[in-house]
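The structure appears below as structure tokens.
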Amino acid sequence: MDMIKGIKGVKDILPEETPQWRFIEDAARRWALCYGYQEIRIPIFELTALFARSIGAGTDIVEKEMYTFPDRDGTSLSLRPEGTAGTVRAFIEHNRAADPLPQKYFYIGPMFRHERPQAGRLRQFHQFGVEFFGTSDPRADIEVIALLWRLLSDLALSNLTLEINSLGSSGDRAAYKPILLAFLRHQESRLCANCRRRMDRNPLRVLDCKVLDCRAATELAPKLTDHLSPDARAHFDQVLTGLVAIGIPYRLNPRLVRGLDYYCLTSFEITSTHLGAQNAVGAGGRYDGLVKTLGGPSVPAVGFAVGLERVSLMLPEASLSSLNECLYYVAAFGEEGIKLGFVLLDELRGVGISAQCDYRATTLKGHLRQADRSKCRYAILLGDDEAARGSVILRNLESKAQEELPLVGLTSILKTRSFSS
RNA sequence: GUGGGUGUAGCUCAGCUGGUUAGAGCGCCGGAUUGUGGAUCCGGAGGUCGCGGGUUCGAAACCCGUCACUCACCCCA
């Protein structure tokens, strides 16, 4: 019989790792709430059309990376490759724009993309993201960046760089593209095959190519940021001065182009040198046109998403082991001891005191070995001698100090102790 | 989809240019006399050497194929 294995690029998160994940998720929730964002839980799958219309039908994500399947009636559904589309859909569907703006949401959960796995990239991966609806004020852009920066700093991630760029308005990009294209045509012979193809489909992406020759060829390319409309220019300048005001260092990157169609104006990415090839920890930007594109009112918005696996890869080895701690080990042995111990174990748990026992152990020695391994702080020894005396021995597993306590009323004694310690 | 690297015990890995019963460390189970854990000592279980084929008197090792994992390209968080 062949062993059924997990799916390629889909990982189990084992008990040894879950404390670290809770640590990351707790920090994300805490900071999001601190900045006034509220949690939204959106479906894992949606109509395929939602992603095609928001992310862009021509993007790699939609074109070849989605897990798409027909529903029983034939309508095309897809596992979500990112969280913004679903959040915006929910925002529109529940007519949230009729409630007072602005509104701020965050989400956390798994996303799915069919790519070849590598370091920091899985087919099922996890993102934490925020969406700030209802204001085009540049301070919203800054706030979102500040939240991301603060979260990553709080997690003590090192070697972070904030890269930022402005994509201008859609009109700015339309005006800029022919200018860029004219430049690229002169350099065409120096560009890689990939970039030559990109010239027609998405000339901006050529600037983001990693091939050294392409970088050299586009060194002197006209910059989008030099062709911004006055409004876009002013918005960008205000974002930058705001970042300076709150002490967040940034690096201008005129080549930074996001792969999703809906971004406009501010575009940013936080990268790390500790991540291998996939060096973006989190990224985001403004998407003022998306709500309207998806059939809602015209509501400006800005947000980001963080890759939690990438955060996890960078997280310094911290002392997180205590999160799995259990307080009492009940060492019940001997005929009467076992009977009483089993009831005691359940009583402890019943009042919310963590306790465990290895039912296989029959001797005190065996129990203590298990108690040691279980990392409990105390062992409650209950053999036939104690049973006869109506008592138990409470043993501190670290100091080895022991004291005898009455069995009757033991849970309430321990309950008051656990509150005081 | 393309390329490189790696597949030997639960985990981390040895195994020299092919040679007889495939090893170590850690982990696991048990023991070192009567009811006291971690340390030490002793013992034990556990492997179709990823899978299939080929070369050979003989393959974990060499060749071909295949699969898996991994890193990278592409792209993205």
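Order of the sequence lines sets the chain letters (A, B, ...), proteins ahead of strands, with each chain counted from 1.
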Identify every side-chain donor-acceptor pair in residues 273-285 of chain A under 3.5 Å, counting partners at least two apart or on other chains, and give the distances.
{"unit_1": "A:H274", "atom_1": "NE2", "unit_2": "A:N159", "atom_2": "OD1", "d": "3.1"}

Base versus backbone protein contacts along nucleotides 41-48 of chain B [heavy-atom cut-off under 4.0 Å; B, S, -]: --------

Test item: A:E17 side-chain N/O and A:Q20 main-chain N/O as donor-acceptor pair under 3.5 Å: no

Test: A:R417 and A:E403 ion pair at under 4.0 Å: yes

Phosphate contact (B:U36 OP1 or OP2) by A:K400 side-chain N/O below 4.0 Å: no

Side-chain donor-acceptor contacts of residues 327-345 of chain A below 3.5 Å, not counting sequence neighbours, with atom names and distances?
{"unit_1": "A:Y329", "atom_1": "OH", "unit_2": "A:D358", "atom_2": "N", "d": "3.0"}
{"unit_1": "A:Y329", "atom_1": "OH", "unit_2": "A:H367", "atom_2": "ND1", "d": "2.9"}
{"unit_1": "A:E336", "atom_1": "OE2", "unit_2": "A:K339", "atom_2": "NZ", "d": "3.4"}

Plane angle bin for A:H227 and A:Y176 - parallel if under 30°, tilted between 30 and 60°, otherwise perpendicular: tilted

Carboxylate-amine/guanidinium proximity below 4.0 Å for A:R255 and A:E219: yes

Sugar-phosphate only, base, or nothing, as touched by A:Q402 at under 4.0 Å among non-hydrogen atoms: base

Pair A:R96, A:Y105: side-chain N/O donor-acceptor within cut-off below 3.5 Å: yes

A:H126 side chain near A:P110 side chain, heavy-atom distance below 4.5 Å: yes

Nearest to side-chain heavy atoms of A:Q118, which nucleotide of B:A77, B:C69, B:C71: B:C71

Intra- and inter-strand pairs of RNA chain B in dot-bracket (Watson-Crick or G-U wobble, both distances under 3.5 Å; | for another strand): (((((((..((((.....[...)))).(((((.......))))).....(((((..]....))))))))))))....

Nearest-0.5 Å distance, CD of residue A:Q402 to OH of residue A:Y378: 13.0 Å

Between B:G15 and B:A39 - P atom distance, rounded Å: 30 Å

No-hydrogen, no-angle side-chain donor-acceptor test under 3.5 Å, A:Y37 and A:E143: yes

Sugar-phosphate, base or nothing in reach of A:A371, heavy atoms under 4.0 Å: nothing

Footprint string (nucleotides 25-35 of chain B, 5' to 3'): B base within contact, S backbone only, - free, heavy atoms under 4.0 Å: ---SSS----B

Candidate pair A:Y35 and A:F106, rule side chain to side chain contact (heavy atoms under 4.5 Å, CB included), full reasoning: CA-CA 11 Å; A:Y35 277 71; A:F106 77 88; over 6 Å; no

Within residues 275-282 of chain A: residues closer than 4.0 Å to RNA chain B (heavy atoms): A:G276, A:A277, A:Q278, A:A280, A:V281, A:G282

Among B:A68, B:U70, B:C76, the nucleotide that comes nearest once only the side chain of A:K5 is considered: B:A68

Member of A:K64, A:K8, A:R121 meeting the salt bridge (Lys or Arg N to Asp or Glu O under 4.0 Å) criterion with A:E115: A:R121

Sugar-phosphate, base or nothing in reach of A:L122, heavy atoms under 4.0 Å: base

Distance-only polar pair, side chains of A:T411 and A:E347, donor-acceptor under 3.5 Å: no

Rounded distance in Å between the C1' positions of B:C71 and B:G58: 37 Å

Rounded distance (nearest 0.5 Å) linking atom CZ of A:R251 with atom CD of A:E269: 10.0 Å

Of the listed nucleotides B:C73, B:A77, B:U36, the one nearest the side chain of A:R116: B:C73

Touch class at under 4.0 angstrom, heavy-atom based, for A:K11 against every strand present: sugar-phosphate

